[in-house]
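Order of the sequence lines fixes the chain letters, A, B, ..., with proteins taken first and strands second; residue numbering starts at 1 for each chain.
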Number of protein chains: 2
Amino acid sequence: MSKQIQLNAFEMAGAMHNSHGLWKHPQSKRHLHYNDLSYWTDLAKLLERGKFDALFFADVAGVYDVYQDSKEPAIRDGLQFPLNDPAMIISAMASVTTDLSFAVTVSTTYEHPFSHARRFSTLDHLTKGRIAWNIVTSYLPNAARNYGLKNMVKHDERYERADEFLQVVYQLWEGSWEDGAVIADVERGILVDPDKVHPINHEGQYYQVEGPHMTDPSLQRTPVIYQAGTSVRGKEFAATHAECVFIGGPTNEKIREHIKDIKARAERHGRNPEHIKFYTFLNVIVAETNEEAEAKYETYQKLWSAEAAKAQYGGSSGYDLSQYTDLDGYFEYKHTEHGQSRAASLTKDAPKKLTVREVLNRFETINRDHVIVGNPQEVADAIQFFFEDTEIDGFNLAHFVTPQDLQEFIDLVVPELQARGLYKKDYTEGTFREKIFGNGQRLLPSGHPGSKYRRTYTTKL
Amino acid sequence: MSKQIQLNAFEMAGAMHNSHGLWKHPQSKRHLHYNDLSYWTDLAKLLERGKFDALFFADVAGVYDVYQDSKEPAIRDGLQFPLNDPAMIISAMASVTTDLSFAVTVSTTYEHPFSHARRFSTLDHLTKGRIAWNIVTSYLPNAARNYGLKNMVKHDERYERADEFLQVVYQLWEGSWEDGAVIADVERGILVDPDKVHPINHEGQYYQVEGPHMTDPSLQRTPVIYQAGTSVRGKEFAATHAECVFIGGPTNEKIREHIKDIKARAERHGRNPEHIKFYTFLNVIVAETNEEAEAKYETYQKLWSAEAAKAQYGGSSGYDLSQYTDLDGYFEYKHTEHGQSRAASLTKDAPKKLTVREVLNRFETINRDHVIVGNPQEVADAIQFFFEDTEIDGFNLAHFVTPQDLQEFIDLVVPELQARGLYKKDYTEGTFREKIFGNGQRLLPSGHPGSKYRRTYTTKL
């Protein structure tokens with residue numbers, strides 16, 4: 001069977017994700033119901049009906065506060081705010097599904113690895129191995145100040161800390177418990193064999209953790225590891241640790257280059273490049289006819305909020321677009337103290353120098369370059385071309401109006417992709433790692449840095 | 001209506017709680033199924049059938065390692081180990097119940113208040129106000145070393161930190177968001193009114209937190225606050241913050257004294273003493289006849305593990321009973337570096353000096369003083385006497401074999417208590433705080449220190 005598209009629903013556990021202003025649509029349910037358990041359990045059932053691989057929860061730990069040097073634009077438009085803790089919702093969604101997996105974002109900058117390892121082992125147990133962890137190092141200045149830091153930890157230092165965080169959790173997940181430690185031997189009165197449970201005695205620069213891990217090994221031990229990032233340091237991190245990489249790029253060629261680059265880096269780290277799957281962003285507006293789809297796009301466009309889009313760009317890039325007032329002058333990056341490596345993406349691939357007006361205009365409308373609009377056949381054609389031309393493995397599917405857009409995608413596009421053999425008709429058995437990498441791939445593969453912490457011997461506690 | 005008994009199931013999210021050795025019982029399901037979601041959703045449904053007020057999750061963040069200066073006795077008997085994170089299980093249990101509440105233990109020593117506030121607001125949203133937080137400061141040396149501390153933070157300093165932790169979360173829960181901030185004004189394009197969302201700008205000794213809180217106010221804003229502890233510092237803390245206090249005592253008189261003392265302290269802090277409910281430990285072995293109940297006790301006794309009981313005492317008190325080898329000598333406390341204030345409880349109320357043998361013997365058997373054994377009428381008689389004589393408000397009901405013991409309690413004892421008017425036949429409406437304190441008590445009452453952070457005015461962000 002030829003390669004099939006993997007699909008995640010790109011989500012956030014709050015009033016709004018990146019569909020700036022679209023909460024105003026009469027069919028938008030999320031801003032009214034994101035605090036209701038039934039909203040999430042209904043969504044999980046819908047996604048499982050659509051054979052989605054996973055629900056992917058992005059997350060942030062603060063308010064977007066770079067644009068206009070203020071929190072106000074983000075709050076007014078509900079930009080990723082208010083925002084619940086996504087990990088708290090998983091067990092309810094798991095209880096109404098059997099195959100849908102859940103990728104949950106947690107920052108290595110603000111959580112402690114001992115607590116984090118226990119939380120994700122618990123979730124992997126409860127879901128029978130349907131958990132992934134999306135690693136972020138966090139980019140919002142407000143988030144830093146919510147956790148006692150005067151300023152953002154510098155980008156590269158955040159990755160240093162993340163590397164050590166991973167060393168700690170790998171030791172807890174892979175090394176602390178041998179297989180078969182829970183023996184429940186009634187005759188001898190031994191529930192857990194102490195010879196098979198080990199402290200980790202980690203003494204590092206950022207963390208000192210004795211162990212042992214609090215839970216016995218879950219089906220996957222280490223949850224499937226997601227990571228996004230196209231900075232050089234981010235790519236190195238992804239090539240070292242990630243099993244699923246979320247990448248972007250202004251052209252299909254650029255996406256292919258990113259994939260090739262990360263695979264080459266992974267190989268240099270001793271990993272099999274086939275042990276990494278690549279995902280990119282996808283957004284679709286579909287209707288029975290092209291005309292209806294275009295009309296829907298127009299409706300969405302009218303509700304779009306350029307202010308929220310600029311606030312989102314400010315937080316994620318570190319550049320405050322409100323500082324650029326000479327509209328006819330050429331756009332030059334003005335570094336702020338919070339400058340991020342992603343900033344260059346606005347102009348880097350433009351064929352000519354852009355004026356401030358041209359740059360700001362990009363925020364005024366929904367960018368048609370990033371949205372596929374059409375009837376089911378047109379949408380499937382475009383997805384198929386995108387999929388085949390980029391050599392990507394799958395997509396994080398965004399949606400403007402939830403759950404309506406996801407429902408229409410499932411009712412109209414999924415059958416068309418299935419008919420073309422591009423999308424599964426049924427889930428495969430097993431854990432999330434087995435579902436996406438194939439039978440037998442329950443644990444981290446050899447070559448992955450986490451796998452080297454797995455024990456093959458027994459030492460005394 | 002006269003006062004009715006409030007009931008919590010006393011639980012832990014792992015293989016075993018305090019029923020030392022009882023996992024060996026053929027009807028014990030928990031050590032085989034604590035990693036299964038259905039175990040917990042079935043338990044929640046069972047407790048709601050029994051009209052339990054709450055499922056109370058105790059928790060620890062490490063292995064009991066004081067006894068024999070080793071982790072081995074605790075691991076071998078599965079003493080509160082392995083242990084999942086209880087917060088992760090709540091949403092699934094909430095999705096199959098409508099009235100059962102959930103009290104979840106979180107330590108102020110090892111978690112960050114910003115993350116914690118967001119987690120519990122999320123849970124309070126998802127459960128529609130059925131969440132309580134049991135505050136602990138953690139007593140296990142291994143837990144300290146799991147979080148980078150060479151030694152336990154000293155008892156009183158743990159409470160200093162806890163006091164500041166509470167200042168932070170009160171500001172986030174009560175002060176950061178005014179009521180009605182989410183306006184979803186489609187005409188003006190305003191989802192959240194920024195004038196009603198406030199940073200907290202906390203600058204303290206242990207924490208610096210800018211805010212605002214990440215979630216809009218849940219029904220209870222601050223979850224119902226539980227606390228245990230009978231040390232002087234613990235009582236002061238409870239009298240200041242707690243709405244439900246878990247106390248113990250060797251005699252009914254001692255329990256009455258604790259209640260009186262904490263109520264008097266609360267009054268000195270400007271609180272209404274009626275705004276605190278008191279709970280104590282209860283354990284019941286019931287069967288249709290007294291003979292069957294006694295036979296069951298004998299069965300349980302045969303499976304009891306004195307080693308696990310001593311390991312549990314070691315971790316919670318700081319005293320290592322393996323150091324006492326002169327069995328005929330008088331028992332004197334030998335302070336270790338981890339000495340805890342609860343240690344005195346072993347001998348304090350004994351009528352005469354005890355030998356080491358006498359003290360150790362207390363661990364060899366299930367203490368009949370702490371267990372009510374009998375047929376439904378005998379059990380109800382004993383509970384009624386205990387309830388009326390101590391002037392307590394309710395009980396944390398332990399259980400030796402789960403879920404069997406809880407099921408039998410619900411089938412045999414609950415109807416008897418209901419027939420006597422001592423126990424509710426139906427839940428009352430509303431949030432957990434309303435269910436236990438009465439109609440209209442959705443929020444922290446005035447006089448509670450958290451309530452003073454509530455805003456009655458609007459200031460600019």
Side-chain angles (χ1 to χ4, degrees), chain A residues 13 15-16 21 23-24 31-32 35 37 41 61 63 71-72 75-78 81-85 87-92 94-96 110-112 114-115 118-119 121-123 125-126 142 145-148 182 184 186 189-192 194 197 207-212 214-216 305 461, chain B residues 15-16 21 23-24 31-32 35 37 41 61 63 71-72 75-78 81-85 87-92 94-96 110-112 114-115 118-119 121-123 125-126 142 145-148 182 184 186 189-192 194 197 207-212 214-216 218 305 461:
Chain A
M16 226 193 67
W23 61 269
K24 299 190 292 288
H31 71 289
L32 301 172
N35 284 324
L37 212 35
T41 50
V63 178
K71 300 180 178 72
E72 205 165 310
I75 292 176
R76 191 184 296 115
D77 253 308
F81 182 84
L83 186 61
N84 285 320
D85 184 326
M88 299 293 120
I89 316 176
I90 304 300
S91 71
S95 74
V96 297
Y110 304 124
E111 295 298 330
H112 194 281
F114 192 79
S115 299
R118 187 179 175 211
R119 285 194 184 101
S121 289
T122 301
L123 290 177
H125 274 308
L126 296 176
N142 174 240
R145 293 194 295 267
N146 289 333
Y147 288 90
V182 181
V186 172
I190 301 176
L191 179 52
V192 181
V197 181
Y207 304 108
Q208 297 79 44
V209 180
E210 181 175 76
M214 289 299 290
T215 85
D216 53 318
S305 165
L461 187 70
Chain B
M16 226 194 65
W23 62 268
K24 298 190 293 289
H31 71 290
L32 301 173
N35 284 324
L37 211 35
T41 51
V63 179
K71 301 180 178 72
E72 206 166 309
I75 292 176
R76 191 183 296 116
D77 252 308
F81 182 84
L83 187 61
N84 285 321
D85 184 325
M88 299 293 120
I89 317 176
I90 303 301
S91 70
S95 74
V96 297
Y110 305 124
E111 295 297 331
H112 193 280
F114 192 80
S115 300
R118 186 180 175 211
R119 285 194 184 101
S121 289
T122 300
L123 290 176
H125 275 307
L126 296 176
N142 173 241
R145 293 194 296 266
N146 288 332
Y147 289 90
V182 181
V186 172
I190 302 177
L191 179 53
V192 181
V197 181
Y207 304 108
Q208 296 79 44
V209 180
E210 182 176 75
M214 288 300 290
T215 84
D216 52 318
S218 65
S305 166
L461 187 71

*Asks:* When only pairs under 4.5 Å are counted, which of B:Gln208, B:Lys24, B:Arg119 shares the most heavy-atom pairs with chain A?
*Replies:*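 Top count of heavy-atom pairs under 4.5 Å with chain A: B:Arg119.
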
*Asks:* So which of B:Gly78, B:Ala92, B:Pro82, B:Ser91 has the biggest tally of heavy-atom pairs under 4.5 Å with chain A?
*Replies:*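 Top count of heavy-atom pairs under 4.5 Å with chain A: B:Ser91.
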
*Asks:* For each of B:Asp77, B:Val96, B:Val209, B:Val182, tally heavy-atom pairs with chain A at distances under 4.5 Å, and name the one with the top tally.
*Replies:*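 Most pairs with chain A among the choices: B:Val209.
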
*Asks:* Quick one: are B:Asn35 and A:Asp216 in side-chain contact, heavy atoms under 4.5 Å?
*Replies:* yes

*Asks:* Given a strict heavy-atom distance threshold of 4.5 Å, which part of A:Ala13 is in contact with chain B: side chain, backbone, both, or neither?
*Replies:*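 For A:Ala13, there is no contact with chain B at all, as no heavy atom is under 4.5 Å.
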
*Asks:* Tell me, out of B:Ser121, B:Ser305, B:Gly211, B:Ala87, who's got the most heavy-atom pairs with chain A below 4.5 Å.
*Replies:* B:Gly211

*Asks:* Of the listed residues (B:Asn146, B:Leu37, B:Leu123), which shares the most heavy-atom pairs with chain A below a 4.5 Å separation?
*Replies:* B:Asn146

*Asks:* What is the distance from atom NE2 of A:His125 to atom CD1 of B:Ile89, rounded to the nearest 0.5 Å?
*Replies:*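 One finds 10.5 Å between NE2 of A:His125 and CD1 of B:Ile89.
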
*Asks:* So that I know where these two stand, are B:His112 and A:Tyr147 an aromatic pair - ring centroids less than 6.0 Å apart?
*Replies:* yes

*Asks:* Of all the heavy-atom pairs spanning A:Pro194 and B:Ile75, show the shortest one and how long it is.
*Replies:* CA-CG2, 3.8 Å

*Asks:* Nearest 0.5 Å, please: how far is CG in B:Asn84 from CZ in A:Arg118?
*Replies:*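 Reported value, rounded in 0.5 Å steps: 7.5 Å.
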
*Asks:* Of the non-hydrogen atoms in B:His31 and A:Ala184, which two are nearest, and what is the gap between them?
*Replies:* CD2-CB, 4.0 Å

*Asks:* For residues B:Ser115 and A:Glu111, report the shortest heavy-atom separation together with the two atoms involved.
*Replies:*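 Shortest heavy-atom separation between B:Ser115 and A:Glu111 comes out as OG-OE2, 2.7 Å.
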
*Asks:* Given heavy-atom pairs under 4.5 angstrom as the criterion, report whether the side chain, backbone, both or neither of A:Tyr207 touches chain B.
*Replies:* neither

*Asks:* Could you tell me which of A:Leu126, A:Leu32, A:Thr215, A:Ile90 has the largest number of non-hydrogen atom pairs under 4.5 Å with chain B?
*Replies:*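 Of the options given, most contacts go to A:Leu126.
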
*Asks:* Would you name the heavy atoms of B:Phe81 and A:Val192 that are closest together and state the gap between them?
*Replies:* O-CG2, 4.4 Å

*Asks:* Counting heavy-atom pairs under 4.5 Å to chain A, which of B:Gly21, B:Gly189, B:Ser218 comes out on top?
*Replies:*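 Option with the top pair count is B:Gly189.
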
